[in-house]
There are 2 protein chains.
Amino acid sequence: MIRLLLADDQALVRGALAALLDLETDLEVVAQVGRGDEVVEAARASDAEVCLLDIEMPGLTGIDAAEALRRELPGVRSLIVTTFGRPGYVRRAIEAGASGFVVKDTPARQLADAVRRVHSGLRVIDPDLAAESLIDGPSPLTGRERELLTYALDGSPVASIAARVHLSEGTVRNHLSAAIGKTGATTRSEAARIAHERGWL
Amino acid sequence: MIRLLLADDQALVRGALAALLDLETDLEVVAQVGRGDEVVEAARASDAEVCLLDIEMPGLTGIDAAEALRRELPGVRSLIVTTFGRPGYVRRAIEAGASGFVVKDTPARQLADAVRRVHSGLRVIDPDLAAESLIDGPSPLTGRERELLTYALDGSPVASIAARVHLSEGTVRNHLSAAIGKTGATTRSEAARIAHERGWL
DNA sequence: ACCTCCCCGTGACACCTGTCATCGCGCCGC
DNA sequence: GCGGCGCGATGACAGGTGTCACGGGGAGGT
């Protein structure tokens, strides 16, 4: 009997996944949480063996939760199950110690298998995503560029970004100009969108 | 026995919802599709009574699918089940003839109840969303403004938008300026983001 | 020590953008 | 018929934006 923890902020999806996995005779959902910062505690309390983690969650990212799990409960394995197959996510998930990475596009019947493989110590990574994350490599953005791009995501003017980070307007424009060059964009908001799609933020 | 059709582009979620709903003794999932433009055909072939429709799907929006269902198979009721509780979505869903609107945040056990109510002819609408969609009213955007905002969503410069719709650069700027005023934004990409969040696109 | 890279800043320049006033056209509704 | 409104367009202007050249400082590697 493999003991599972589910973490997804959408209650309906969480409950549905639980129903799906409980149909398998060798799997048992022993905990469900809706926030990333409740994962470690719930995993400890429920004595889970494998944690299915969504990435976009309040409190803590699924990737950060995987890292916390590796640190606090090294015996527990994590499997990232997410909507977005952003190449950068795969890389960061693996670096965070996750044992698997599947997108929510995969057929339902393959999920249980993925769980079993992860439980037995194997790595499960969506092959298309693995290839994609290899070809465009790691993020070329520096720390500042990444930060400023996240602030540019909503289309704020440079002046308000500069105020938020306590920097000169010129400096902000310089960093963003560099980011625009690295993403192949022509506008800061286009650059922000591209970086976001690739999981660089 | 209530006959259900599930439409969601994420295979895992679709399968999981099927598992969840099949646990109910009075419900039966008789069809599953991953595209909006396959809904009507599948509903007819499977003789479904209630259709659970996600909004964001390839081919056809869940809202448009609901409209097509009302036109082609008036006896079939639709229940929108979506990730995003954008106020404008609720309004458009109701106008398209949908009988219900729930977000994927709702507890799993309430979904089956929502299905039963819709099947019995009642309307099921998330109360918070209903209130929200009343207070900020219908979209104030004109057709052109809406179209240009969708092109502005990715942060394209005005010049490329103008080229795509075969309009003068000045005209595009005028329309976008109007949209910026109506959304309370200060930048076209901020306006695009706001309009998108409210379901005006 | 030297080089490289990231960070922060300034100044200047060309270009893009948002706003406004003003025009003409066509389509409704009253 | 006349006003209102959406649509397309032009011109002009202030201010925002992207780019480049050039500084200086600090951390890390050889």
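Below, chain A is the first sequence line, B the second, and so on; all start at residue 1.
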Report yes or no: does [X] contribute a side-chain atom to a donor-acceptor pair with the main-chain N or O of [Y] at less than 3.5 Å?
| X | Y | result |
| --- | --- | --- |
| A/Glu72 | A/Ala68 | no |
| B/Asp126 | B/Phe101 | no |
| B/Arg86 | B/Ala195 | no |
| A/Arg188 | A/Ala179 | no |

Query raised in the report: What string of B, S and - do you get for nucleotides 7-19 of chain D, 5' to 3', if B is base contact, S is sugar-phosphate-only contact and - is no contact with any protein heavy atom under 4.0 Å?
Result: SSBB-B----BBB
Query raised in the report: Shortest non-hydrogen contact from B/Ser156 to B/Tyr151?
Result: OG-O, 3.6 Å
Any Lys/Arg nitrogen of [X] or [Y] sitting under 4.0 Å from an Asp/Glu carboxylate oxygen of the other?
| X | Y | answer |
| --- | --- | --- |
| B/Glu67 | B/Arg71 | no |
| B/Glu147 | B/Arg144 | yes |
| B/Glu95 | B/Arg92 | no |

Report task. Find the distance B/Ile161:CD1 to C/dC16:C1' and express it as a whole number of Å. Result -> 12 Å
Query - Axis deviation across the helix from C/dA1-D/dT30 to C/dC30-D/dG1, five-pair ends, to the nearest 10° - result: 40°
